[in-house]
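Notes follow once the structure below has been shown.
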Amino acid sequence: MNKHVFLAITTVLVLASCSKETDVYDATASKDFATEDMISANVEKVFGTTFDPNHDWCTTTSGEVSIQADATVKKVQVLVNVCEIDDPSTPSYVTRNTMKVLNEVETNGQTFIKLNYDAPKDNLGLYVAFSTDHGRVFKKVVGNSVSFNDGAQAPAMTRALPTGYTLPSGEFVIDTIETSYANQRGWIPGELLYGFKDYTAQKMASSDYSDEFKVLFRSVVFSYFPNGREHNNLPVVMQSGYYNAAVYPITTGDEPIIVTPAYKCDNPLKYGNEVYNSDLYYYYFKEENVGSDPVAYFQSLPKYKAIPFNNCFGVAEDDSIAKHGSFALMYFGDGTPTIGTKGSYEFPAGYKIGFMIRAKTTADQGKKQGEVYGDGRLNNKINSFGNFASSHLGEDGPRVAWLTLNDKIFMSWESGTDADFNDVIMEVEGGIEPFDDIPDLESEVYTYCFEDTKLGDYDMNDVVIKAIRKNKTTVEYSVVACGANDQLFIRNINCGVINDDVEVHSLFGKSPSEFINTTGGVTCDPVTVTKTVDESFSFLNPYQQPYIYDKTTNTTIYLSKKGQDPHGIMIPDDFQYPLERICVKDAYPQFNNWGENSITSTRWYEAPTKARVFSW
């Protein structure tokens, strides 16, 4: 389920069984028309500076992880934790960490596995994800090894009430009944909401997450659902399969069901404290009672208030991962409740539970008020009303995604309008059946950028190749751009249509006089092949790296080595290469800092001037 920006449009996929390349660097193959002095003078002129003569232009490191699994583990993945955006001017919730897959393999019963990896040099640590029939467990790599069953982090395979909770004592009865906004607007006549006058006595203290788990939470959850209006995360929710009819957890009857607000991100002071002024509601039913019209049945059910978020979050609090107090759901029987109906923390087994958020902020003259449901089939009115319509979720777009992270289950909500599905995130624990782990994480992308002339403009887009390690023995290459007039050939891939004898422009059905995907708009789909490699394959191995042959000038362009000009660089992440005739130092203001001193501005490639880079 990997999402790759550079494959956001249809690719040409050539599945081929290809033998390994062992093309050896041949210094005699390059016949330059420029002397080293001419090249140095041109570099200083173009970049306006001189670079560190010991710079190796390498942004990547490599290694091997030893992994100890057990018989329950079906697949292991090596991942890297990186800061994806390095821009101090952005809000904290936009600057985020993310997990990227470096390598993976099906275990096929093996319990000891070694996996090679290539990773960005500037990273926040390696992890291994262990996939079982019960979900996915993440463990941090210490040294060069990691074990699935290390005691301290062993996964919980049953939903037991965690230690440290004390259920509220006393008798709790329904003492408020109000009409929903949907009822008031005539959408769902008769819909009523039930609750208590004061939720202070309902709130339970809860031990906070460890600092280590908070790092994992921020990296994994926002890898699935990055923050911000520019990220429409609805497709990820739909691909997971956990939406609408599938979003109802089933009660086990053996433990109370506890919900804990863990995170919110709603830019409260700007948008009217949307989450702070909202409440969480729930309803429950047995599947055999649903009938032929599920929507009408669910609309008829009583909705019970579980959590007032102003009892959990601070007024101005935002982007903070913590346990903000916990609340246990109550069972009020199957009939229509009245004032005085008693609740019980003993929820019977076999019920399905649905959730709803009621937004009550008075901002924008009530256009932000309404009930949004995890089950999108109940959102057919609210999704097109007021400010909610700008979410573009469609008539039946869901509002919740279910995630598992180690032994914890979370529901992640889109309660507003930006479709990023992380407005408010809550942990659900205790007496519900577990969800399978969803969704998958993206693979790390490496971008090869080449300058085809020795006295070039260093827009680094004369040939652009994206590469992904799909698994232990498979690498995917995509040729995505060509901003050169010369006849160019890609060497050392030799797989499918990308081979030594095929000119780059012709891969796209173009002539050498045409620029491809470098001048602003997309002109051609990427050309993609999948290549079989040895388990020891590394993107850093010079004998396995692609390079360029310029037939027009009889010049061979390899990745830059120590002391050379930056005519070829492999960059981690789905790098946004510069537009035609835009020098990389103008597209990336921190590039010169890195060129002058290789230990500074090491994440220069994460902070582009957006108007000067190519966008897919």
Side-chain angles (χ1 to χ4, degrees), residues 25-60 121 447-465 481-491 504 512-513 515-516 518-519 542 545-571 575-605 607-609 611-614:
Y25 180 96
D26 180 9
T28 64
S30 178
K31 297 181 180 179
D32 245 328
F33 299 133
T35 66
E36 291 300 321
D37 288 343
M38 293 169 64
I39 294 171
S40 296
N42 182 64
V43 168
E44 186 170 350
K45 177 183 177 182
V46 172
F47 288 95
T49 188
T50 56
F51 293 135
D52 179 1
N54 294 313
H55 207 310
D56 63 5
W57 306 106
C58 185
T59 59
T60 309
K121 276 185 178 179
T447 306
Y448 295 92
C449 292
F450 293 95
E451 179 68 27
D452 71 336
T453 57
K454 291 298 183 180
L455 303 181
D457 55 8
Y458 293 92
D459 55 14
M460 306 306 293
N461 64 25
D462 295 330
V463 175
V464 181
I465 303 168
C482 184
N485 288 317
D486 290 356
Q487 293 188 63
L488 303 177
F489 296 80
I490 298 170
R491 298 287 169 82
V504 175
S513 62
F515 290 157
I516 300 162
T518 65
T519 57
Q545 293 170 336
Y547 61 92
I548 307 303
Y549 173 65
D550 187 331
K551 184 177 181 180
T552 303
T553 61
N554 193 26
T555 303
T556 305
I557 304 103
Y558 297 89
L559 292 186
S560 300
K561 295 178 172 56
K562 182 181 291 187
Q564 295 180 337
D565 63 295
H567 53 264
I569 304 177
M570 186 185 76
I571 304 161
F575 179 65
Q576 294 178 277
Y577 52 88
L579 289 167
E580 192 63 42
R581 297 188 177 91
I582 300 293
C583 179
V584 65
K585 61 98 173 174
D586 296 317
Y588 288 85
Q590 298 177 28
F591 181 86
N592 274 7
N593 297 339
W594 181 63
E596 293 163 353
N597 187 339
S598 62
I599 64 173
T600 62
S601 300
T602 53
R603 295 203 304 271
W604 61 270
Y605 49 83
T609 300
R612 294 179 172 180
V613 296
F614 189 87

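Keep in mind that this is a model prediction, so the values were computed, not measured. Sequential numbering from 1 along the given sequence is applied to the chain's residues.
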Looking at [atom1] of [X] and [atom2] of [Y], how far apart are the two atoms once the value is rounded to the nearest 0.5 Å?
X	Y	atom1	atom2	result
D486	T552	CG	OG1	4.0 Å
Y588	T609	OH	OG1	9.0 Å
K454	E36	NZ	CD	7.0 Å
H567	K561	NE2	NZ	7.5 Å
N592	C583	CG	SG	7.5 Å
N54	N597	CG	CG	11.0 Å

Taking every non-hydrogen atom, the tightest pair across [X] and [Y]:
X	Y	value
M460	C449	O-CB, 3.2 Å
D452	A484	OD2-CB, 3.3 Å
L579	T519	CD2-C, 4.2 Å
V504	I490	CG2-CG1, 3.7 Å
G456	N42	O-ND2, 3.2 Å
E596	T50	CG-O, 3.7 Å

Is the Y448 ring parallel, tilted or perpendicular to the F450 ring (thresholds 30°, 60°)? parallel
Check whether any side-chain heavy atom of [X] lies under 4.5 Å from a side-chain heavy atom of [Y], and answer yes or no.
X	Y	answer
F47	F591	yes
T553	T453	no
V464	T447	yes
F51	V43	yes

Short question: side chain of [X], backbone of [Y] - any donor-acceptor pair under 3.5 Å?
X	Y	value
W57	L559	no
R491	Y549	no
T59	T602	no
E451	Y458	yes
T555	D550	no
T518	F515	no
D459	R581	yes

* Do the ring centers of W604 and F575 come within less than 6.0 Å of each other? -> yes
Partner of H55 under side chain to side chain contact (heavy atoms under 4.5 Å, CB included), picked from S598, S560, P566, is S598
